[in-house]
Structure formats: structure tokens, C-alpha cells
Student: 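This is the structure I have questions about; it appears just below.
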Amino acid sequence: MNKPIIYQMLPRLWGADKTEPQKNGSLSENGCGTFKDIDKDTLDYLHWLGCTHVWFTGVIRHATAASERGCTPSNCQFVKGNAGSPYAICDYYDVNPYLAEEPEHRLEEFSALLARTHQAGLKAIIDFVPNHVSRDYGKVPGTVLTSGMSAPQAIAGQSAMRDNHPVTGVTHPVLGAEDDKTVHWKPENDFFYYPGQALKLPVPPAEGEKAYVEEPAMATGNNCFQPDPSINDWYETIKINYCDFHTATWDKMYDIVRYWASQGVDGFRCDMVELVPPQFFTWLIRKVKEEFPEVIFIAEVYSEDLYKKYIREVGFDYLYDKSGLYDTLRTVVEKNVMDTGMPLEMWQSTTGITRNWQQLGDLQPYLLNFLENHDEQRFASDFFGKSADNEMAALHVSLLLNNAPFMIYAGQEVGERGMEEEGFSGRDGRTTIFDWWTVGSLRRLRKAIAAGAYRELDPAALEAAGLQKEEAEFFCRFAGLMRFARQEKAVTEGTFYDLCYSNYGSEGFDKHRHYIFLRDFEEQTILVAVNFSNKDAVMKIHIPQHAWDWMGITPTEQYNPSQLVEIKIPAMGAEILRVSE
């Protein structure tokens with residue numbers, strides 16, 4: 001598939017309609033969305049937008065403080081926020097009850113969502129969290145070990161399985177059920193232990209709640225190998241024990257992925273891959289693809305020097321390009337939004353974009369580009385680009401530079417700012433993943449989607465359907481570019497040519513604040529000119545003979561090597577010219 005476009009959404013936020021949510025509010029106070037809120041209208045909209053995949057974040061059952069909607073509350077001493085982290089999994093084979101209209105039928109409702117997604121021409125991605133689980137993993141009421149097996153019996157070597165799972169109705173392995181807790185580590189154990197030492201959490205018990213007891217203490221998810229994690233550690237999780245050779249833990253994790261693939265899930269975004277031995281993923285991906293060859297694996301990887309290994313050797317289909325293009329563009333944007341006219345350091349210059357693609361080389365098609373996701377601050381927040389109006393320069397580069405997939409974070413298309421103080425998250429420029437909350441821009445976008453007002457890219461129609469004026473105007477620019485990127489073969493399949501070097505010294509071209517390139521496929525060639533300055537620009541661009549020859553472009557009277565191409569570009573904006581047809 002050429003140029004996948006992935007749309008990330010948290011189902012609990014997508015359908016949340018409370019107009020005035022309360023800070024630190026409970027589920028009953030603030031409400032949340034359900035699988036059914038991701039309806040045919042929503043999925044048809046995503047297909048229209050140009051998306052190929054939807055990443056449903058926070059589906060697998062995690063620890064929460066809620067006691068409503070079929071939820072069993074975990075101890076608040078280790079739950080972050082009232083909703084809890086989607087990455088503190090308490091049952092790998094279940095989905096969150098709060099996401100279902102009828103919690104007892106939650107798996108059926110999720111299956112219906114998968115069917116709707118496929119019917120809309122989209123593929124579904126969920127998280128695979130291989131490195132850690134919640135502190136109370138496997139302790140969900142209503143699920144028991146076979147024959148009430150005790151820990152000593154498990155250590156003796158008898159098979160410990162979850163019997164008659166309340167959701168799947170079949171038997172699954174349980175991590176840690178056979179562990180020998182009298183030792184810190186052994187290859188047969190699923191977790192790490194501190195015999196004779198009790199866990200010391202950095203958060204006191206809630207008023208009226210008993211202190212959480214974990215003895216022996218277990219290692220914490222972010223490789224915190226001690227019984228007393230700090231407030232900055234992932235203290236809500238426990239670390240899974242992997243070896244760099246095949247163990248029973250590998251088989252248990254494979255069983256999880258295979259289960260969801262068999263349910264119709266099309267791909268897995270694999271969390272914190274670098275904390276798990278690559279040998280495991282090499283084995284897992286090969287084994288899963290033997291049965292499900294179309295399933296894709298996306299790695300959350302941050303070390304740029306490991307990109308080649310995870311693609312060429314381990315076998316991931318795509319990797320986050322956080323440390324490459326994202327970090328480069330963020331640095332350029334932050335410096336130029338507040339441009340004082342002072343000289344830029346090399347690392348603040350758009351020349352970094354050229355350095356980045358040169359370093360990545362032929363790995364680029366395997367790297368997932370993005371400007372937002374649940375971990376990063378919203379572009380329009382005060383902590384990043386200050387306003388959605390400043391996004392178009394970075395968006396044109398991140399989306400159009402190469403054939404790589406691109407990811408949209410729900411609400412990005414209407415300029416969501418992430419500047420609310422929801423509760424646990426605080427006002428940090430991110431959309432909370434820990435709190436029960438309603439995102440106003442998403443609520444308004446959903447109304448516009450239900451009305452079908454987006455189809456004509458008319459700001460007035462979108463405003464009439466509920467979007468704010470600035471949201472409607474930005475949506476038309478964002479969605480128009482997204483649809484162009486999916487439909488333009490020069491973008492989805494074409495080659496790339498960097499025009500910056502040949503224009504150093506050209507009139508109006510600032511090599512530190514401007515960026516220009518060509519994309520070409522057969523007879524279709526486009527020129528993309530980007531202005532990262534906070535001042536309007538007029539560039540006179542030269543397309544050298546080498547570009548025409550290398551791309552096999554036939555010059556025209558208007559565009560040829562002897563002519564300069566004059567382009568006017570607004571501040572923090574971009575323009576696209578069609579050089580040939």
C-alpha cells in the first residue's frame with residue numbers, strides 16, 4: 001500500500017459529549033465515548049479524509065479508578081488519573097467495559113466496530129504493550145486460575161491458565177502464574193521480584209482506601225529495578241521479564257497477538273519496543289505473519305541509530321520517526337515562530353531537513369511521520385507552534401516529503417490546542433490519556449461529521465454545523481492537503497529532489513528558514529515551497545538541468561531550466577505548483 005494515512009483516536013474521548021467537564025471528574029460526572037460512537041458517519045469521514053488505518057488507542061483493558069459501567073476499580077495508589085493509563089494493562093484478552101453500551105457484551109461491540117471499520121474501507125490498529133502490565137494484572141474478579149491453583153502449585157510446574165475467561169470464553173495463559181517468587185530472576189519467570197522486600201509506592205493511599213500491598217515487590221515497567229519507584233517512574237506498571245532466547249514468556253505474548261489478529265485486528269502499534277529484546281520481535285513478527293501475512297507491526301522506537309536494525313533485521317513494517325523528522329521540524333518551528341531575525345544555529349535551521357533525509361536514505365518509506373500523537377504536545381499548544389495557523393509549513397514537509405506513512409491525531413485537523421487542565425495531566429499542551437474528559441473541538445467536529453458538512457470543504461457550512469470559525473477555516477486547509485496527498489501519485493509513489501542546494505543565494509531564498517523540493521511520478525511533477533519564517537516570502541526558484549534530467553521531466557514554456565519560478569508564500573505557510581502534467 002502506498003502512503004498509508006493513520007488516524008489515531010482514543011474511543012473514550014471521541015464520543016464524550018459533556019459540555020462542561022469537571023477537573024478530576026469521575027466517569028459518571030464526565031462520561032466517555034463508546035465503540036458505538038465510532039459509527040458509520042465517523043468511519044466514512046475518515047475514509048473521505050484519505051485515511052487508510054484507524055489506530056484505536058486504549059482499547060485493551062487497563063487499570064482504572066472507575067467502578068461504573070462494568071469497571072472494577074484498581075487501587076488508586078498506583079492508578080494515574082481517574083480513568084487510568086491505557087498502557088497499564090490488567091487483562092490482555094479483554095477490552096475496557098466502559099467502552100461498551102452493554103459492558104457484558106463488550107467484545108461483541110468491539111467486533112462490530114472492527115466490521116464497520118472494514119466496511120468503510122479502513123483497517124484497524126490496536127496497541128500491543130509487550131514491556132509491562134498493571135500492578136494488578138490478572139486480578140480481575142470473575143477470572144480464576146484453573147482449579148483454584150495456588151502459587152506453590154504453580155511453582156511446582158503445573159499449568160496455570162485463565163479458565164473460562166468472561167469475555168473470550170476460552171482458556172488463556174496468565175503471566176506470572178507459574179513464577180517462583182523466592183528469587184529475583186530466573187528465565188522461567190515472567191516478572192522480576194525482590195524477595196523479602198515490600199513495594200514502596202511514591203503516592204500515599206487515597207483517603208479511606210487501604211494501602212496497596214505487593215510483597216515481594218516487583219520491578220517497575222521503565223526498567224526501574226528496585227522496590228521503591230519514584231514519582232517519575234512508571235510506578236503503575238510492572239516489568240515483564242524477557243530473555244534474548246525463546247522462553248515460555250515469548251509464547252504467552254505471541255498468544256495475545258495471535259488472539260487479536262484472529263479477531264480481525266489488522267495491525268499492532270508496539271509500545272516501547274526498545275525495552276524488549278529484539279530477538280523476541282524477530283520471532284513474533286515472523287510467526288504471526290506466517291498465519292496473518294497482511295498484519296502490520298509499527299514500532300515505537302526513539303533511537304535513530306537503531307532504525308535500520310528494527311526494519312532490516314527485526315522485521316517491523318514501520319517505525320516512529322520521532323528522533324528524526326519530527327524533532328527536526330519541531331526545533332525549526334519553535335525557533336521561527338518567535339523569529340527575532342537573529343542568526344540561527346545549525347540545529348535550528350531548515351538545512352536539518354536535508355541532513356535528516358540524507359541520513360535516513362532508503363529507510364524513509366518505513367518511517368511513520370507525524371506532528372502529533374498522544375505522547376507529544378499539540379502543535380497549536382502554547383508549548384509548540386502557538387497556533388494551528390503556523391502548522392502548514394511543517395505539515396507540507398512531514399506529509400509530502402516522501403512516500404512514508406503519515407499519522408493524524410484526532411482533533412489535529414481542527415487545530416485542537418490541548419491547553420485544558422483536565423486533572424492528572426495538568427495544562428501541558430497534551431490531550432489527556434489519564435482523565436475522563438470531553439474535548440470541545442472533537443465534540444464540534446463530530447457534529448459537523450454527522451451533518452456531512454465537511455464534504456465540500458466550505459468553511460461556512462462547517463461553521464453552520466458547529467465548528468468555530470478558525471476551526472472551520474483550518475480544517476479546509478488541512479483536509480484539502482490530506483486528500484491531495486492521498487490522491488496525487490507524485491506524493492504516494494513518486495521520487496524526491498531537494499532544490500535547496502541549487503538555490504543557495506537565489507533571490508528571496510533563505511536557506512535557514514525556507515525549504516523547497518520536487519516530487520515526481522511519470523509525467524506528474526509538483527514543486528513544494530515552504531516558508532518557516534514568521535514573515536511572508538517571495539522566492540525566485542531555479543530548477544537546475546540535473547533535476548529535469550534525473551526525473552525525466554519535459555520542460556515547458558513556463559517551467560524550464562532557463563526560467564526562475566517566482567512564488568509568494570505566507571508566513572509559516574507553503575505553496576504547491578504543478579510543474580508538469
Student: Who are the ring pair (Phe, Tyr, Trp, His ring centres under 6.0 Å) partners of Tyr515, not counting sequence neighbours?
Tutor: Phe517

Student: I'd like to know if Glu300 pairs up with Arg269 as an ion pair, taking the criterion as any Lys NZ or Arg NE/NH1/NH2 lying under 4.0 Å from an Asp or Glu carboxylate oxygen.
Tutor: yes

Student: With heavy-atom distances below 4.5 Å as the criterion, would you say the side chains of Leu518 and Leu499 are in contact?
Tutor: yes

Student: Could you tell me which residues satisfy side-chain hydrogen bond (donor to acceptor under 3.5 Å, both in side chains) with Asp375, sequence neighbours excluded, listed by chain and number?
Tutor: none

Student: Please list, chain by chain and in numerical order, all residues satisfying side-chain contact (heavy atoms from CB on, under 4.5 Å) with Ile311, sequence neighbours excluded.
Tutor: Leu319, Leu363, Tyr366, Leu367

Student: Side chains of Arg378 and Thr431 only: does a donor on one sit below 3.5 Å from an acceptor on the other?
Tutor: yes

Student: Pick from Asp233, Thr237, Asn131: which one makes a side chain to side chain donor-acceptor pair (under 3.5 Å) with Asn222?
Tutor: Asp233

Student: Of all residues at least two apart in sequence or in a different chain, which pass the ring pair (Phe, Tyr, Trp, His ring centres under 6.0 Å) check with Trp357?
Tutor: Phe496

Student: State whether a side-chain donor-acceptor pair under 3.5 Å links Ser562 with Asn560.
Tutor: yes

Student: State whether Asp39 and Arg446 are salt-bridged, where the test is any N-O pair (Lys NZ or Arg NE/NH1/NH2 against Asp/Glu carboxylate O) under 4.0 Å.
Tutor: no

Student: Salt bridge or not for Arg444 and Glu471, using N-O below 4.0 Å?
Tutor: yes

Student: Just jot down the side-chain hydrogen bond (donor to acceptor under 3.5 Å, both in side chains) partners of Tyr7, sequence neighbours excluded, or say none.
Tutor: Glu413

Student: If you look only at distance, which donor and acceptor atoms sit under 3.5 Å apart when one is on a side chain in residues 390-399 and the other is two or more places apart or in another chain?
Tutor:
from: Asn390; atom 1: ND2; to: Gly385; atom 2: O; distance (Å): 2.8
from: Glu391; atom 1: OE2; to: Gln412; atom 2: NE2; distance (Å): 2.8
from: His396; atom 1: ND1; to: Met392; atom 2: O; distance (Å): 2.8

Student: Looking only at the side chains, is there a donor atom on one of Asn403 and Arg519 sitting less than 3.5 Å from an acceptor on the other?
Tutor: yes

Student: Can you sort out the partners of His546 under side-chain hydrogen bond (donor to acceptor under 3.5 Å, both in side chains), two or more places apart, ordered by chain and number?
Tutor: Tyr497

Student: Assess whether atom CD of Glu456 is packed by more than 12 heavy atoms of other residues, nucleotides or ligands within 6.0 Å.
Tutor: no

Student: Report yes or no: is the cationic atom of Lys80 (NZ for Lys, CZ for Arg) under 6.0 Å from the centre of the six-membered ring of Tyr235, at an angle within 45° of the ring normal?
Tutor: yes

Student: Between Lys3 and Glu488, is there a salt bridge with N-O shorter than 4.0 Å?
Tutor: no

Student: Return each pair, listed once, that meets salt bridge (Lys or Arg N to Asp or Glu O under 4.0 Å) where at least one residue sits in residues 430-443; pairs must be two or more places apart or across chains.
Tutor: Asp428-Arg430

Student: Mark yes when over 12 heavy atoms from residues, nucleotides or ligands other than Gln358 sit less than 6.0 Å from its CD; otherwise mark no.
Tutor: yes

Student: Any chance CD of Glu507 has more than 12 other-residue heavy atoms, nucleotides or ligands included, within less than 6.0 Å?
Tutor: no

Student: Does some side-chain heavy atom of Ile569 sit less than 4.5 Å from a side-chain heavy atom of Val530?
Tutor: no

Student: Apply ring pair (Phe, Tyr, Trp, His ring centres under 6.0 Å) to Phe297 and list each qualifying residue two or more places apart in sequence or on a separate chain.
Tutor: Phe268

Student: Between Asp382 and Arg427, does any NZ, NE, NH1 or NH2 come within less than 4.0 Å of an OD or OE carboxylate oxygen?
Tutor: no

Student: Under the rule for ring pair (Phe, Tyr, Trp, His ring centres under 6.0 Å), what residues qualify as partners of Tyr45, not counting sequence neighbours?
Tutor: Tyr454

Student: Report yes or no: do Glu304 and Ser323 form a side-chain donor-acceptor pair below 3.5 Å?
Tutor: no

Student: Is a salt bridge present between Glu473 and Arg477, judged by a nitrogen-to-oxygen distance below 4.0 Å?
Tutor: no

Student: Would you list the pairs meeting salt bridge (Lys or Arg N to Asp or Glu O under 4.0 Å) in which at least one residue belongs to residues 43-58, sequence neighbours left out?
Tutor: Lys40-Asp44

Student: Checking Trp234 now: which residues fulfil side-chain hydrogen bond (donor to acceptor under 3.5 Å, both in side chains) with it, not counting sequence neighbours?
Tutor: none

